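Please read these numbers as outputs of a predicted model, since none were measured by experiment.
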Amino acid sequence: MVPYDKRTGKIWYNSELVDWADAKIHVLNHGLHYASCVFEGERVYDGSIFKLEEHTSRLFYSAKRMGMTIPYSEKEINDACNKIISVQNVENGYVRPTIWRGSEMMAISAQQTKIHVAIATWEWGSYFDPKLKVEGIKLNISNWRRPAPNTIPWDTKASGLYMICTMSKHDAEAKGCSDSMMYDHRGYVAEATGANIFFVKDGEVHTPLADTFLNGITRQTVINLLKAKNITVHERHILPAELDYFEQCWLTGTAAEVTPVSQIDKYKFTVCNAIKDLSESYQALVRKKK
């Protein structure tokens, strides 16, 4: 795989199209040192960004929660996202808008820093091994927990929140797993490192209540798909002991899409046609021309 700093083309950077290699920041950058950074992850399907407006609205919400004023309107960011996928000729890929504080101040206080915006895009396939997306991936259980909502801006897509996710995923991969499931600070089932989680019992779907982690746009989309199929969905707190009683499991996310789970730690799940049907319904939705 070509390293991301060695790729070619253009990146939308503070309203200009710059060469990929020239989209740089200084090492004394507030976003790097103090995690003053928010971002989005968006999928391109057949040349169209799925739920672009929803992603941009969440980006602006995240920035506001972090005390950052984006120097562009939502429409300008939407237009920039569409422009860069056209310039890069991305048909099926990923879009990464990023907002961060600059280098004007190097201290915890950042009142005088400039807010920068960059949008990059590239062709991108399956987040998980395509074979495992059929057979189901394996998860371990992370030693790290999603923090209490009064300790972090938990409902934002902010870079600092992903530190324990990276650590958890590295630990999972070292143990032969694809990802890691995390509990929240109370001990309830929360999510995977970058995806929401769903379970099935007796034909009904159960998913953790999103009160300590990001309520994913894909999560919301899948819940609507399930309800359209007249499948009951329970959004609630799920105890670890319940894992032994669930029959099926899958993850959802912009990157993960709909990915079946065959095992979490010692708990095993069936990868059945119902999950395949849901995945096909999701693909039909995202690839519908807007």
Side-chain angles (χ1 to χ4, degrees), residues 4-5 7-45 47-91 93-106 109-124 152-162 194 214-218 220-221 253-255 286 290:
Y4 283 93
D5 62 341
R7 300 189 177 204
T8 59
K10 299 289 185 179
I11 289 177
W12 192 95
Y13 194 115
N14 291 337
S15 80
E16 296 182 4
L17 292 177
V18 303
D19 288 340
W20 194 286
D22 293 334
K24 298 177 180 179
I25 61 173
H26 196 274
V27 294
L28 295 180
N29 176 281
H30 203 278
L32 174 64
H33 287 259
Y34 296 101
S36 293
C37 176
V38 298
F39 65 96
E40 273 299 321
E42 304 161 4
R43 277 271 192 177
V44 183
Y45 294 99
S48 179
I49 303 172
F50 182 63
K51 291 192 177 291
L52 171 59
E53 291 79 11
E54 289 88 340
H55 280 285
T56 299
S57 292
R58 188 171 67 181
L59 180 68
F60 273 70
Y61 175 79
S62 296
K64 183 178 180 180
R65 282 272 273 158
M66 295 282 285
M68 303 162 69
T69 300
I70 299 175
Y72 304 98
S73 67
E74 291 192 29
K75 181 180 184 303
E76 287 174 312
I77 295 300
N78 287 335
D79 289 345
C81 288
N82 284 321
K83 181 176 183 178
I84 197 63
I85 67 166
S86 176
V87 168
Q88 289 293 96
N89 195 30
V90 172
E91 279 295 308
Y94 196 74
V95 184
R96 172 55 59 89
T98 309
I99 317 291
W100 71 96
R101 290 189 172 103
S103 306
E104 291 76 15
M105 300 177 68
M106 185 43 58
S109 178
Q111 302 292 351
Q112 306 305 317
T113 52
K114 179 181 178 179
I115 304 301
H116 296 269
V117 183
I119 306 170
T121 185
W122 57 91
E123 288 286 335
W124 200 40
I152 55 170
W154 62 276
D155 55 349
T156 67
K157 202 167 179 66
S159 61
L161 304 183
Y162 285 81
L214 201 65
N215 181 11
I217 291 172
T218 307
Q220 298 170 50
T221 301
T254 297
V286 300
K290 307 299 185 293

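Side chains of W122 and V95 form no contact here, defined as non-hydrogen atoms less than 4.5 Å apart. Between V44 and E91, the closest side-chain pair of non-hydrogen atoms is not below 4.5 Å. Within the 4.5 Å cutoff, the side chain of E123 has no heavy atoms near those of the Y94 side chain. Side chains of L17 and W12 form a contact here, defined as non-hydrogen atoms less than 4.5 Å apart. Contact check for T69 versus I115: no side-chain heavy atoms found under the 4.5 Å cut-off. In this structure, the side chains of E42 and L52 come closer than 4.5 Å at one or more pairs of heavy atoms. Looking only at side-chain heavy atoms (C-beta outward), K114 and N14 come within less than 4.5 Å of each other.
The two atoms that bring A255 and R43 nearest to each other are O-NH2, 2.9 Å, heavy atoms only. When all heavy atoms are compared, the tightest approach of L161 to T156 is CD1-O, 3.4 Å. Minimum interatomic distance between I84 and T121 (heavy atoms only, all atoms of both residues): O-CG2, 3.6 Å. Counting all heavy atoms, side chain and backbone alike, Y13 lies closest to I25 at OH-CG2, 3.6 Å.
The side chain to side chain donor-acceptor pair (under 3.5 Å) search around E76 returns S73, not counting sequence neighbours. When the side chain to side chain donor-acceptor pair (under 3.5 Å) test is applied to N89, no partner is found at least two apart in sequence or on another chain. The salt bridge (Lys or Arg N to Asp or Glu O under 4.0 Å) search around R65 returns D155, not counting sequence neighbours. Shown here are the side chain to side chain donor-acceptor pair (under 3.5 Å) partners of S57, two or more places apart in sequence or in another chain: E74.
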Sequence neighbours left out, cut at 3.5 Å: what donor-acceptor pairs do the side chains of residues 28-38 make with other protein atoms?
| unit_1 | atom_1 | unit_2 | atom_2 | d |
| --- | --- | --- | --- | --- |
| N29 | OD1 | G31 | N | 2.9 |
| N29 | OD1 | L32 | N | 3.1 |
| H30 | ND1 | S36 | OG | 2.7 |
| H30 | NE2 | A107 | O | 2.7 |
| H30 | NE2 | I108 | O | 3.3 |
| H33 | NE2 | V27 | O | 2.7 |
| S36 | OG | R101 | NH1 | 3.2 |

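For the pair K75 and D79, the salt-bridge criterion is met [side-chain N within less than 4.0 Å of a carboxylate O].
Legend: salt bridge (charged side-chain N to carboxylate O under 4.0 Å, His left out) pairs involving residues 17-41, not counting sequence neighbours, sorted by first then second residue: K10-D19, E40-R58.
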